[in-house]
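So the structure is just underneath, and the comments pick up after that.
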Number of protein chains: 2
Amino acid sequence: MSQEETTSRILEAAGQVFADRGFKAATIRDICSKADVNLASVNYHFGDKQRLYIATIKHAHQLPSSQFPIPQWHAETSPETKLADFIQVTLSRMIPKGKAPWQAKLMMREMTQPTLAVQELIKEYIRPHFDLLLSILRQLVAKQTSEQQLTKLGFSIIGQCLFYRFNQPVLHMLVDEEMVDQHFSIEQLAQHITHFSLLAIRHFTEEPNDPSSILSTPITEQYSIGTESNTNLPEN
Amino acid sequence: MSQEETTSRILEAAGQVFADRGFKAATIRDICSKADVNLASVNYHFGDKQRLYIATIKHAHQLPSSQFPIPQWHAETSPETKLADFIQVTLSRMIPKGKAPWQAKLMMREMTQPTLAVQELIKEYIRPHFDLLLSILRQLVAKQTSEQQLTKLGFSIIGQCLFYRFNQPVLHMLVDEEMVDQHFSIEQLAQHITHFSLLAIRHFTEEPNDPSSILSTPITEQYSIGTESNTNLPEN
DNA sequence: TATCATTTTAAACAACTGTATGAAACAAGT
DNA sequence: ACTTGTTTCATACAGTTGTTTAAAATGATA
């Protein structure tokens with residue numbers, strides 16, 4: 001067996017096992033037996049379990065990213081179209097469709113329970129993706145929009161997308177299957193998120209409590225918390 | 001030490017350890033030493049590790065819910081205010097503030113990697129919370145808004161909130177600490193999400209590709225995917 | 001075929017884990 | 001003070017884990 005075949009078989013098996021069970025609960029014995037290689041192969045080829053894990057994470061995010069690339073945009077492509085594309089690609093990469101989505105599972109696991117691998121993941125994969133989103137948003141909002149406002153806008157969009165990845169099990173328990181089948185395809189979700197977000201962004205010029213807000217009434221008076229109705233929220 | 005004190009100290013310690021490390025990686029020795037009880041106490045009081053875990057999950061979701069209750073609203077309270085309150089409470093329950101909210105951590109862990117405990121969790125806790133959100137949204141949208149549209153709206157809001165829970169580590173690596181301190185407090189986030197969502201909801205009357213959309217151009221032409229710019233998205 | 005570096009294999013090791021046990025400590029009632 | 005039921009304690013055990021090792025197998029090169 002060539003070196004490359006062994007390592008790639010280990011990586012494939014490791015991806016599934018790590019995704020299923022997490023770093024600690026996954027055992028090298030499981031991985032090796034699934035990969036049909038000797039127990040010592042992992043230590044020989046990767047050094048130790050930790051480094052195998054990092055290699056697996058790296059290996060994992062390459063496939064979905066190349067499978068669903070960001071389209072090449074023309075110079076005259078509208079930012080709205082770019083945003084729609086961005087959301088569609090993001091959702092496609094994250095939501096299981098057809099075959100084994102263990103890559104996504106693994107990455108999400110890594111994001112909620114970060115290990116050492118998360119730093120590399122962010123630097124190589126998440127950060128550039130997020131920066132792309134911010135550059136699109138910058139074309140959609142008023143020029144004076146601050147960096148932190150833009151960042152929050154970005155998180156509002158990413159948050160909507162991530163919901164359908166993280167909470168797949170919850171989704172299926174809250175929404176009956178028929179509705180999921182009819183209305184929750186990737187395309188439909190992408191369209192909803194795009195629509196929802198563009199509606200908000202279009203009217204999103206200033207911080208809610210900014211005096212120059214377009215809102216007739218400052219938002220803090222319009223729908224503030226605890227002023228009239230809420231007396232038992234803990235202080236903070 | 002009374003029986004109740006011992007068990008409650010174990011539950012408290014177990015919650016933190018399970019939340020931090022997950023079921024498998026958490027060790028009874030860790031838990032007992034953190035709780036300052038004897039190693040054998042867990043097996044004596046709970047039988048085994050598995051049953052301790054289930055007891056911990058049940059015990060976990062009680063505190064934050066009672067600590068951050070939904071305010072009692074007046075009859076004339078506006079739905080906007082209700083939504084603002086809802087978002088604030090949701091965020092407060094989910095985001096670490098001061099003390100470690102290991103309860104939320106545990107619940108989120110349970111949602112992404114559901115064990116047997118997840119069903120009870122949804123039925124008793126998540127479902128009623130989500131239904132409340134839907135009832136608020138129903139007051140904010142046009143009457144003919146369909147159930148599935150309402151559900152997606154709900155997920156768009158919950159998704160934004162959950163982002164800041166799930167991706168706390170990612171957030172801190174994408175945004176520098178100064179900006180987090182200045183602009184990402186629970187109150188500021190709640191205000192942003194409320195603002196963002198209300199802007200969208202206010203103009204959200206119809207499905208994007210519905211002919212009666214308020215958009216001048218059908219959304220599918222305005223910012224559709226793959227029509228002009230994108231030729232290398234995989235078919236689906 | 002003989003040589004040599006690379007890779008695989010089986011076995012072993014040491015550390016750690018959940019669980020069990022029997023003695024000790026404790027608390028309460030008499 | 002004594003008894004009794006409960007809880008704690010130190011310790012032991014058996015199984016699993018990641019890792020190491022040295023010998024065997026492999027494959028390319030001459």
Side-chain angles (χ1 to χ4, degrees), chain A residues 1-60 102 106 109-110 113-118 120, chain B residues 1-60 102 105-106 109-110 113 115-117:
Chain A
M1 203 182 322
S2 74
Q3 180 186 55
E4 199 196 315
E5 192 187 337
T6 304
T7 57
S8 82
R9 267 166 62 180
I10 291 177
L11 284 175
E12 185 69 22
Q16 300 184 36
V17 177
F18 280 135
D20 271 3
R21 307 215 241 284
F23 177 77
K24 184 69 190 299
T27 73
I28 295 189
R29 281 170 176 82
D30 279 343
I31 292 168
C32 289
S33 103
K34 194 179 195 95
D36 204 32
V37 300
N38 186 270
L39 169 63
S41 299
V42 162
N43 289 285
Y44 179 76
H45 288 284
F46 296 94
D48 56 22
K49 190 186 182 184
Q50 182 75 244
R51 271 174 287 183
L52 168 62
Y53 183 71
I54 293 176
T56 306
I57 297 272
K58 281 190 179 178
H59 179 248
W102 58 263
L106 233 192
R109 192 184 273 279
E110 185 61 29
Q113 310 149 38
T115 68
L116 297 175
V118 80
E120 264 177 279
Chain B
M1 203 182 322
S2 74
Q3 179 185 41
E4 199 197 314
E5 191 186 337
T6 304
T7 58
S8 81
R9 267 166 61 180
I10 291 177
L11 284 175
E12 182 71 21
Q16 301 184 36
V17 177
F18 279 135
D20 270 3
R21 310 215 238 284
F23 177 77
K24 182 69 191 300
T27 75
I28 296 188
R29 280 172 176 80
D30 280 343
I31 293 168
C32 289
S33 104
K34 194 179 196 94
D36 204 31
V37 299
N38 186 268
L39 170 63
S41 300
V42 162
N43 288 289
Y44 179 77
H45 289 283
F46 294 93
D48 57 20
K49 191 184 181 184
Q50 182 73 246
R51 272 175 284 183
L52 169 62
Y53 182 72
I54 292 177
T56 306
I57 296 272
K58 284 189 178 177
H59 178 249
W102 55 265
K105 221 181 196 174
L106 237 190
R109 193 183 273 278
E110 190 62 27
Q113 310 148 38
T115 69
L116 298 176

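In what follows, every chain begins at residue 1, and chains take the letters A, B, ... in the order their sequences are listed.
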So, OP1 or OP2 of C:dT8: does either fall under 4.0 Å of a side-chain N or O from A:Thr6? yes

Got a list of protein N/O to nucleotides 17-20 of chain C N/O distances below 3.5 Å?
| unit_1 | atom_1 | unit_2 | atom_2 | d |
| --- | --- | --- | --- | --- |
| C:dG18 | OP1 | B:Ala26 | O | 3.2 |
| C:dG18 | OP1 | B:Lys49 | NZ | 2.8 |
| C:dG18 | OP2 | B:Ile28 | N | 3.0 |
| C:dG18 | N7 | B:Arg29 | NH1 | 2.9 |
| C:dG18 | O6 | B:Arg29 | NH2 | 3.1 |
| C:dT19 | OP2 | B:Lys49 | N | 3.0 |

Listed partners of A:Ile28 passing side chain to side chain contact (heavy atoms under 4.5 Å, CB included), at least two apart: A:Cys32, A:Leu39, A:Val42, A:Asn43, A:Lys49

Verify the contact: side-chain N or O of A:His45 to OP1 or OP2 of C:dT8, cut-off strictly under 4.0 Å; return yes or no. yes

What's the OH-P distance between B:Tyr44 and C:dG22, to the nearest Å? 15 Å

Identify, with sequence neighbours excluded, every residue that meets side chain to side chain contact (heavy atoms under 4.5 Å, CB included) alongside A:Lys34. A:Ala13, A:Gln16, A:Val17

Just how far, in rounded Å, is C1' of D:dG18 from CZ of A:Arg21? 16 Å

Sequence neighbours left out, what passes side chain to side chain donor-acceptor pair (under 3.5 Å) with B:Ser33? Give chain and number order. none

Distance-minimising heavy-atom pair for A:Arg9 and A:Ala35: NH2-O, 2.9 Å

Residues at least two apart in sequence or cross-chain that pass ring-ring contact (aromatic ring centres under 6.0 Å, His included) with A:Phe46, listed by chain then number, are none

Test side chain to side chain donor-acceptor pair (under 3.5 Å) applied to B:Asn38 - qualifying residues, sequence neighbours left out: none

